[in-house]
Amino acid sequence: MGIFERRDDIFDDAMVLDEEWQPQEIRKRKDELELYRQALQPVVDNRPLNNIFIYGKTGTGKSAGTRYMLEHLESDAMQYDDVELSTVWVGCENLSTSYQVAVALVNALRDSRTGLLPEREKMSATGYSQQAVFDRLYDDLDDVGGTIVIVFDEIDNIGQSDDLLYGLPRARANGYLEEARPMVIGISNEFNFKDDLSPKVKDTLCEEEILFPPYNADELTSILEPRAEKAFQDNVLEGDVVRLCSALAAQDSGSARQAIRLLSLAGKTAVNNRDEQVAPKHVHHAKKELAQSQVVEGMEQLTTQGHAVLVTLAYYSAKGETPVRTRDLYQQYRNIADEVASNTIVERRVRAHLSDMSMLGLVNTYGRNEGMKDGRYKEHELTVALETVLDVLGSKERFQGVVERIRRVAAKNNQLN
DNA sequence: ACTCCACAGGAATTGAGGGGTG
DNA sequence: CACCCCTCAATTCCTGTGGAGT
């Protein structure tokens, strides 16, 4: 018997479950897309452009819908000689300021004109003054000329740093642009992002607003079904697997992305188990695994000091003294950080880390108040299994020692399972 | 109704670390 | 090389606050 053996594949075309895959048709978003079409109409009519603001939670079809509309817009606009149209897409997922977005936009414009790549020739993300970046951006836009539809995906990452959103729509009126007519489409996951913007930006960016609501279970099912059909061989999906994925995703987030991931991962799980059919148990397994991997990812992204705070909390958890008061946690943190990090941070900063981790869903925080006796304070505990935290942190060299000791403490107190 | 505990968390500032131009 | 730019964790300083005790 070899190590490898041929397996019958239950997948047919697994690509359709891939993150990258673009459906031909956007399902269940008829009304939203009609509004979108109306908002884009002025491009074809060569009339004054309105900026568009799209919002809705992740996986509600905002990006897919936008891609779809732009594709059609581009091909349909070709019919008219007097419509000169280009589109640029800027994903802002790792960009936290207007400055960075402007640089990314400059690079995206270059990419779209000269073809992809040369990392060397890209504008670097720091070093210039903001004005220098904007000047270059306006120059490049003018070089392209015509109507330029600029999409900022996940624009809410920039927070209140909205200089670009202020400047871009006004650039023409202010004489920075001669040839180009820019139009901005902002896509946001945050409903309240709008409120963070300064009022003058708000009413220019949000001339047209379209809301993409979460999908319900039925809608998810009808999105999933055609994909499931293509992705898997016939009769591989047991019973209501698709419905189950839809229901779980609808319950949680109403996100099509989540539903698709569930189905995809359930399929892979079945393959790994050498099962011939994808069953509900595979879906449930997939759900756990997805949740877990999100948590792990969140933990990985923390800084060293964040890890130090987390490991301190893990220590209390191992002792079974788990909702810990910030004050006590901080005392212990100082001992631990002294050992694993080159310095210790101030209490205020530890509170900030705890609050970040609470946002990430790694930590639960309860507010308590005992009046004149003990005042107002907070208590914290892990939301994640202690096991998981120790596994992730234990893989970092500098934490190995502490994690080992915490494991022993936990064993003594029976806190691991 | 008022007091007063013991923090929570906002705002402004700093400094190291990425990088730029000439 | 001298001098300037943006970013982000960390620090400093501070005002805000919910309810037990009076």
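In what follows, chains are A, B, ... by sequence order, proteins preceding strands, each numbered from 1.
In this model, a donor atom of one side chain and an acceptor atom of the other lie less than 3.5 Å apart for His380(A) and Thr365(A).
Taking only side-chain atoms of Gln305(A), from C-beta outward, the nucleotide of dC6(C), dA10(C), dG9(B) with the closest atom is dA10(C). Of the candidates dG9(B), dC8(C), dT7(C), the closest approach to any side-chain atom of Thr97(A) belongs to dT7(C). Distance from the side chain of Arg349(A) is smallest to dA10(C) among dC5(C), dA10(C), dC8(C). Among dC7(B), dC6(C), dA8(B), the nucleotide with an atom closest to any side-chain atom of Thr326(A) is dA8(B).
Phe152(A) pairs in a side chain to side chain contact (heavy atoms under 4.5 Å, CB included) with only one of the listed residues (Ile185(A), Leu165(A), Ile187(A)), which is Leu165(A).
Only Thr344(A), Ile345(A), Val346(A), Arg348(A), listed by number, bring a heavy atom of residues 331-348 of chain A to less than 4.0 angstrom from any atom of DNA chain C.
Gln41(A) CD to Leu49(A) CG: the interatomic distance, rounded to the nearest 0.5 Å, is 12.0 Å. Rounded to the nearest 0.5 Å, atoms SG (Cys206(A)) and CG (Leu197(A)) are 6.5 Å apart.
To the nearest angstrom, P of dC7(B) lies 12 Å from CD of Glu379(A). Taking atom CZ of residue Arg351(A) and atom C1' of nucleotide dC13(C), one finds them 12 Å apart after rounding to whole Å. In this structure, CG of Leu354(A) is placed 9 Å from P of dA8(B), rounded to the nearest angstrom. What separates NE2 of His307(A) from C1' of dA9(C) is a distance of 15 Å, to the nearest Å. Whole-Å rounding puts the Arg368(A) CZ to dA8(B) P distance at 13 Å. Between Asp328(A) atom CG and dC7(B) atom C1' the separation is 12 Å, expressed in whole Å. Rounded to whole angstrom, the span from the CD atom of Gln130(A) across to the P atom of dC6(C) amounts to 7 Å. If you take CG of Asn94(A) and C1' of dT7(C), they are 14 Å apart, rounded to a whole angstrom.
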- Task: Between protein and nucleotides 12-22 of chain B, map the contacts as a letter string: B base, S sugar-phosphate only, - none, heavy atoms under 4.0 Å, written 5' to 3'.
- Result: ------BBSS-

- Contact string for nucleotides 16-22 of chain C, one letter per nucleotide 5' to 3', B = base within protein heavy-atom range under 4.0 Å, S = sugar-phosphate only, - = neither, reads BBBSBB-

- Message: Let's go through Glu34(A) and Gln38(A) carefully: what are the C-alpha distance in whole Å and the side-chain angles of both, what is the deciding distance for side chain to side chain donor-acceptor pair (under 3.5 Å) to 0.1 Å, and is it a yes or a no?
- Response: CA-CA 6 Å; Glu34(A) 174 53 22; Gln38(A) 288 171 20; 3.0 Å; yes

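Residue pairs satisfying the side chain to side chain donor-acceptor pair (under 3.5 Å) criterion with at least one member in residues 165-174 of chain A, sequence neighbours excluded, are listed as follows: Arg170(A)-Thr204(A). Within the structure, every pair that satisfies the ring pair (Phe, Tyr, Trp, His ring centres under 6.0 Å) test and touches residues 308-345 of chain A, not counting sequence neighbours, is listed here: Tyr330(A)-Tyr333(A).
Between Ser96(A) and dC8(C) there is a side-chain N or O to OP1 or OP2 distance below 4.0 Å. His353(A) has no side-chain polar atom (N or O) that falls below the 4.0 Å cut-off from OP1 or OP2 of dA9(C).
The aromatic ring centroids of Tyr55(A) and Phe212(A) lie 6.0 Å or more from each other. Aromatic rings of Phe191(A) and Phe193(A) (six-membered ring for Trp) have centroids beyond the 6.0 Å cut-off, not under it.
Residues passing the side-chain hydrogen bond (donor to acceptor under 3.5 Å, both in side chains) test with Asn94(A), sequence neighbours excluded: none.
Under the 3.5 Å distance criterion, the side-chain polar atoms of Asp374(A) are left unmatched by any main-chain donor or acceptor of Glu370(A).
When each of Asp374(A) and Ser355(A) is assigned the nucleotide of DNA chain B with its nearest heavy atom, Asp374(A) is the one assigned upstream, toward the 5' end.
With a 6.0 Å cutoff to the six-membered ring centre and a 45° limit on the axis angle, Arg325(A) counts as a cation-pi contact of Tyr377(A).
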